[in-house]
Amino acid sequence: MKNNLNQRLKERLFEIMSILIVAILFIYTNDRMGNDLSIGIFTIIIGVAGFIVYLKECVPNGVLKGIIFSVFLLSIMAFFLGDIWFYRYYSTPITSYMWMQKSNLNGLGESIFSMMKMKDSIFLLLGFPIAESFMKKKYPLKHMALVPAVIFLMIAGLKPVKNIFIDKVDITRRYEANTFLRNWGPIGHHVLDTYAYFTDSGRHGMSSKEKKAISDYFDEKNRQDHAFSGSLEGKNLIIIQVESLQAFPLFQKSAGQEVTPFMNELAKEGLYFPHVYPQTVFGNSSDGELIVNTGLFPLKQGATFFRFPYNDFPGLAKELKKSDYQSYAFHGDEEDFWNRQHAYPSLGFDDYLSIEDMQKDEMISMGLGDRSFFNQSYHFLKDKKNPYYAFFVTLTSHVPFSLPKEQITLKPKVGKEDSYLTKYFEAIHYTDSAIGDYVKKLKDDGKLKDSVIVIYGDHDGLFLKDKQEVEAYYENKISDEQWIEKYMPIPLIIFQEDMEGRTINKVGGQVDILPTLYDLLNIKSSSYFGESMLNGEDGDALILKGDYGSQMKINGKGKVEGFSPEDQKEVDLSDQVIRTDYFKQTKD
């Protein structure tokens with residue numbers, strides 16, 4: 001009798017410990033994603049953990065039960081490990097739309113491994129003993145785990161019931177990227193995100209009133225003439241989107257050596273905008289390409305290139321085609337990365353060259369090294385008829401900023417040889433040199449005088465979460481406000497040999513780049529969001545999810561403020577343009 005009692009007590013204890021260990025995995029995930037552990041989130045975690053442990057009792061065979069439960073548990077661990085690693089890089093949780101972008105995992109091995117930490121081994125260290133024990137034992141107390149599961153989920157359910165029926169709040173509405181995570185934890189985030197994905201998917205129709213609201217917005221654009229208006233009309237247009245380029249490395253030195261000597265030279269001799277803010281959302285680099293080529297804000301959820309790659313987009317390539325330009329896009333990664341092989345034709349590009357079209361003679365990190373990339377692209381364009389538009393997307397300065405030793409030519413600051421910021425500077429220095437070699441070829445062949453060079457960063461390379469690394473490098477404390485003002489902006493450089501150098505300290509966003517180029521190239525279209533940064537008016541930047549975090553507005557003084565109703569309307573209109581394929585509907 002006593003032995004039976006002891007056995008039952010051991011079984012109960014093990015069952016309770018199993019629930020707690022599974023719960024710890026979820027609590028660890030919640031903590032690593034920077035989320036506070038509220039009572040509501042805790043009750044959800046305990047309830048779900050109880051159900052997971054209870055599920056093993058649905059299988060009568062002990063060994064089979066252990067195998068099934070082991071695979072199930074390890075799959076859950078892998079899923080939430082992915083959550084943690086994704087959050088460490090992007091400071092936002094992974095969403096259902098990201099699973100549409102699984103082709104982007106190709107070549108990202110090094111970047112993914114850089115997000116791993118030894119403490120993550122807790123997942124495996126805790127998971128395997130549970131699975132092994134379940135394979136060896138049978139538990140007659142099959143409802144033990146079900147009791148806390150039902151009780152805790154009933155308690156957790158009080159909050160959404162109150163929100164929906166008493167407060168009349170739509171709990172599925174997402175105001176910013178981290179809304180679901182903050183309110184409901186990682187488990188609740190995935191449940192609500194999956195629901196939102198299925199209810200939000202697909203193209204939306206438009207009423208005549210909605211069409212008129214968008215057309216009125218475009219018609220009210222105020223174009224102003226100035227000294228630069230139309231000054232670059234008819235020139236070859238060469239736009240270079242530089243991976244992870246922020247503004248602060250420009251005019252920066254490492255051990256007395258300039259980090260970006262070539263871009264510094266172009267910035268002094270051309271138009272230089274040091275206070276442009278990245279406005280990418282879930283599409284990262286592809287969002288930068290979308291914004292600059294179309295003048296649209298990216299979608300608030302999911303990557304536009306994956307969700308709506310076949311839209312009839314407005315933009316640069318199509319407007320230039322009216323003036324007999326041919327348009328070419330180049331990237332040193334696989335053609336399906338960010339679904340570019342489908343999106344680029346929709347942007348109006350006549351041809352797209354990826355790594356599949358190039359010799360793999362200098363492979364660095366994710367793909368073709370920028371130096372080889374520019375060399376091969378130059379030979380492709382060498383005999384092309386003027387005028388043309390060439391759009392380049394660089395790759396080598398992608399996180400984790402890992403260059404082969406033979407490619408490192410920047411001297412490190414003494415005592416900072418192993419700093420993360422040193423690695424970032426080394427990668428940017430390499431890309432700066434590769435761009436310099438390309439432009440020198442243009443000049444040597446007499447082609448630079450007929451061309452305008454535009455350089456900008458796609459998004460931040462160092463985020464607010466990396467502030468401690470930057471503080472350690474400079475041995476200085478940096479406030480969040482200083483970070484946003486100095487370290488968050490990306491540079492914009494517009495260079496042409498006959499242009500007079502000028503630095504314009506106006507605040508702008510990536511969405512302002514297209515209208516600025518329209519201004520310079522004398523393109524009359526007003527189908528864009530944003531404004532020309534040459535119009536003399538005060539600027540600002542609407543950030544859909546901040547430093548990969550909260551939505552915010554950067555005003556003309558570089559300070560953070562909230563969206564006004566007009567700001568929100570502008571972002572919502574852009575979202576509607578994409579989701580309804582507005583330009584196709586109005587064309588038909």
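Numbering starts at 1 and runs along the sequence shown.
- The ring of F495 has its center no closer than 6.0 angstrom to the ring center of Y272.
- Only one option out of I513, I291, I240 pairs with Y456 in a side chain to side chain contact (heavy atoms under 4.5 Å, CB included); it is I513.
- None of K440, K441, K447 except one satisfies the salt bridge (Lys or Arg N to Asp or Glu O under 4.0 Å) rule with D444; the exception is K440.
- Minimum interatomic distance between F297 and S574 (heavy atoms only, all atoms of both residues): N-OG, 2.9 Å.
- Taking the ring centre of F313 as origin, the terminal cationic atom of K318 falls outside the region bounded by 6.0 Å and 45° from the ring axis.
- Under the 3.5 Å distance criterion, the side-chain polar atoms of E417 are left unmatched by any main-chain donor or acceptor of K411.
- The six-membered or imidazole ring of Y328 lies near that of F380, with a centre-to-centre distance under 6.0 Å.
- Formation of a donor-acceptor pair under 3.5 Å by the D432 side chain with backbone atoms of F262 is found in this model.
- In this structure, the ring of F401 has its center no less than 6.0 angstrom from the ring center of F425.
- Neither side chain, N555 nor K553, offers a donor N or O lying under 3.5 Å from an acceptor on the other.
- For the side-chain hydrogen bond (donor to acceptor under 3.5 Å, both in side chains) with D572, the lone residue among Q568, Q576, K569 that qualifies is Q568.
- Side-chain atoms of H429 and T409 include a donor-acceptor pair closer than 3.5 Å.
- More than 12 heavy atoms of other residues, nucleotides or ligands shown are found within 6.0 angstrom of CD on E497.
- Among D460, N284, D458, the one residue that satisfies the side chain to side chain contact (heavy atoms under 4.5 Å, CB included) test with P278 is D460.
- Listed here is the closest heavy atom pair of G348 and S327: O-CB, 4.2 Å.
- When ring centroids are compared, F330 and Y352 stay outside the 6.0 Å threshold.
- Side-chain atoms of Q224 and E537 form a donor-acceptor pair, as typed in the model, at a separation below 3.5 Å.
- Judged by distance alone, with hydrogens and angles left aside, the side-chain atoms of Y430 form a donor-acceptor pair with the main-chain N or O of R371 at under 3.5 Å.
- Y344 pairs in a side-chain hydrogen bond (donor to acceptor under 3.5 Å, both in side chains) with only one of the listed residues (E289, H331, E335), which is E289.
- Residues F248 and Y487 place their aromatic rings such that the two centres sit under 6.0 Å apart.
- Using a 3.5 Å distance cut-off with no hydrogens or angles, the side chains of T260 and N264 do pair a donor with an acceptor.
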